[in-house]
Amino acid sequence: MVDTDSGWDGRGGRGSRVTRSTGGARPAEPIPGRRVAAVSLVALAALATGCEPGTATGAQDAPPPARPTQAAAPSPARTAPVTGDAKPRTAPPPSPSASTAAPAPAPSPDATTARPAPEPSTAPPPRVLMRTGSESDRVRELQARLRQIGHFGRNPTGYYGSVTADAVRSFQAKRSLPVTGSTDEVTWQRLLAMTRVPTAAELRPPTERPVAAPDERCLKGRVLCISKNSRTLAWMIDGKVVSAMDVRFGSEYTPTREGVFEVFWKSRDHVSTLYDTPMPYALFFSGGQAVHYSADFAANGYGGASHGCVNVRDKKKVAALFDQVRTGDKVVVYW
């Protein structure tokens, strides 16, 4: 049974209570006011010893410690290791306006990505159909078509020489094509689109120049009637012109002889032993002078001269003439 006695206990101060029991005395519980004071003293002692700040019981009105406004310097243990001569890199403190600044616009792909240089074209060049030295009916058609639009100033010969190459270059330059002088597939197709199919007279005109009135010595028999004035050869039988063709003569230093002659030798694939020059379809009428086909005349026209022979630039015509003329037929060369 507990007997509670209020008042002084004879040893303690006012306010202490002694509880007595049959089992012996136990310490009296402290008064609430003293409990608060004891807790405050403990908190002050903790602050004095340098412990980390905390919230003590009974001290709720104390403001929390202020946090630093700037990031603390990085710990040495977190510094990136130094390699070679490189200096350790320390992140700079964040900008005060970093959280409120508007984000920077994303760079455009053109600004950050370099455009690759264009790769060279791997397409093969167009196939060349005709070039200098070619000789065919197709070359004749090329020349006739070029003549229709003013790029070839003479009759077609069927031989692709420097005159034809210059005409092709002129055409290519005017049409903004690669200027090569050779006729490739692109050049040929462009020319076909701009011209019409040549007529037979355009492909094989009798001569570039009008045939001269025949000399009276040409009116009887089988005669090669050659006019220096008109620069034409007329193959005549009994006063009738069978065929005609353009011709050129020797220079003033190697002139073609004038007069009446006869064919004394025929040589289909002749080569000059004096000048080492091909003389196909040669019809010799005076010493080493002959009527024959000339590739140089076909290529360069009247820009050159022979060494005295009568040059023909139409190969098919002179080939046909070679087959018709016989040894002993008359040759008349006149002005």
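Predicted model only: the values in this text are computed from it and were never measured.
Aromatic pair F171/H151: ring centres closer than 6.0 Å.
Remark: side-chain polar atoms of Q143 are not paired, donor with acceptor, to backbone N or O of T164 under 3.5 angstrom. Remark: side-chain polar atoms of Q172 are not paired, donor with acceptor, to backbone N or O of T183 under 3.5 angstrom. The main-chain N or O of I237 is never found under 3.5 Å from a side-chain atom of R222 such that the two would form a donor-acceptor pair. Judged by distance alone, the side chain of T254 and the main-chain N or O of S306 form a donor-acceptor pair under 3.5 Å. A distance-only check finds no donor-acceptor pair linking the side chain of S243 to the backbone of W235 [under 3.5 Å]. Using modelled atom types, one side-chain atom of T256 and one backbone atom of G250 make a donor-acceptor pair closer than 3.5 Å. Side chain of D329 to main chain of R326: a donor-acceptor pair is present (N/O by atom type, distance under 3.5 Å, no hydrogens or angles). With hydrogens and angles disregarded, no donor-acceptor distance shorter than 3.5 Å links the side chain of R127 to the backbone of E185. Between the side chain of E141 and the backbone N or O of P198, no donor-acceptor pair lies under 3.5 Å.
A cation-pi geometry, defined here as NZ or CZ lying under 6.0 Å from the six-membered ring centre and within 45° of its normal, holds between K266 and F322. Figure legend: cation-pi geometry between R147 and F152 absent, as NZ or CZ is not positioned both under 6.0 Å from the six-membered ring centre and within 45° of its axis. Both the sub-6.0 Å distance and the 45° axial angle are satisfied by R138 relative to the ring of W188.
The hydrophobic cluster containing Y160 does not contain Y293, counting ILVMFWY residues as joined when their side-chain heavy atoms lie under 4.5 angstrom apart, directly or transitively. Using a 4.5 Å cut-off between side-chain heavy atoms of Ile, Leu, Val, Met, Phe, Trp and Tyr, with links allowed through other members, V242 and V211 fall into different hydrophobic clusters. Linking ILVMFWY side-chain heavy atoms closer than 4.5 Å, directly or via other members, places F261 and V318 in a single hydrophobic cluster. Clustering ILVMFWY residues whenever any of their side-chain heavy atoms sit less than 4.5 angstrom apart, transitively, puts I226 in the very cluster that holds V325. Hydrophobic clustering, with ILVMFWY side chains joined whenever heavy atoms are under 4.5 angstrom apart, keeps V179 apart from L129.
Here the side chains of V332 and L224 are not in contact, with every heavy-atom distance at 4.5 Å or above. By the 4.5 Å heavy-atom criterion applied to side chains, L142 and M130 are counted as neighbours. Using a 4.5 Å heavy-atom cutoff, the side chains of Y334 and S227 are in contact. Under the 4.5 Å side-chain criterion, counting only non-hydrogen atoms from C-beta, L321 is in contact with L233. For the pair Q289 and H307, the minimum side-chain heavy-atom distance is 4.5 Å or more. For the pair F285/E262, no side-chain contact is recorded, criterion being any heavy-atom separation below 4.5 Å from C-beta on. In this structure, K330 and V260 have side chains that are in contact, with non-hydrogen atoms separated by less than 4.5 Å. Contact annotation: the side chain of M245 never approaches that of V291 to less than 4.5 Å [non-hydrogen atoms, C-beta and beyond].
The shortest heavy-atom contact between S267 and F284 is CB-CE1, 4.4 Å. Considering every non-hydrogen atom in both L177 and R190, the closest pair reads CD2-NH2, 3.8 Å. Across D246 and Y302, no two heavy atoms sit closer than the pair CB-OH, 3.7 Å. Nearest approach of Y159 to V139, heavy atoms of both residues: C-CG1, 3.7 Å. Among all heavy-atom pairs drawn from K228 and V333, the shortest one is CE-CG1, 4.1 Å. Closest approach of H270 to A282, counting heavy atoms only: CB-CB, 4.1 Å.
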M194 vs Q148, side chain to side chain contact (heavy atoms under 4.5 Å, CB included): CA-CA, chis, key distance, verdict: CA-CA 9 Å; M194 297 181 61; Q148 288 177 9; over 6 Å; no
Stepwise side-chain hydrogen bond (donor to acceptor under 3.5 Å, both in side chains) test for T180 and S182: CA-CA 5 Å; T180 62; S182 297; 4.6 Å; no
Dump the intermediate steps for side chain to side chain contact (heavy atoms under 4.5 Å, CB included) on N311 and V247, then the final yes or no. CA-CA 5 Å; N311 291 164; V247 292; over 6 Å; no
Given R196 and E202, is the salt bridge (Lys or Arg N to Asp or Glu O under 4.0 Å) satisfied, shown in steps? CA-CA 11 Å; R196 55 178 170 75; E202 288 176 323; 2.7 Å; yes
Using the side chain to side chain contact (heavy atoms under 4.5 Å, CB included) rule, take M279 and V271 through it: C-alpha gap first, then chi angles, then the decisive distance, then the call. CA-CA 5 Å; M279 299 170 57; V271 177; over 6 Å; no
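Rounding to the nearest 0.5 Å places OG1 of T327 at 8.5 Å from CG of L283. Residue D238 holds its CG atom at 10.0 Å from CG of L219, rounded to the nearest 0.5 Å. To the nearest 0.5 Å, atom OH of residue Y281 and atom NE2 of residue H292 are 13.5 Å apart. If you take CG on L203 and CZ on R145, they are separated by 9.0 Å, rounding to the nearest 0.5 Å. Residue K315 holds its NZ atom at 11.0 Å from OG of S294, rounded to the nearest 0.5 Å. Atom NZ of residue K316 and atom CD of residue E135 lie 9.5 Å apart, to the nearest 0.5 angstrom.
A donor and an acceptor atom, one from each side chain of T157 and D314, are nowhere located under 3.5 Å apart.
Applying the disulfide bond (SG atoms under 2.5 Å apart) test to pairs two or more places apart or on separate chains, those with a residue in residues 208-265 are C218-C225. Applying the disulfide bond (SG atoms under 2.5 Å apart) test to residues at least two apart or on different chains, none of the pairs has a partner in residues 288-335.
Under the 4.0 Å criterion applied to side-chain N and carboxylate O atoms, D137 and R204 are assigned as salt-bridge partners.
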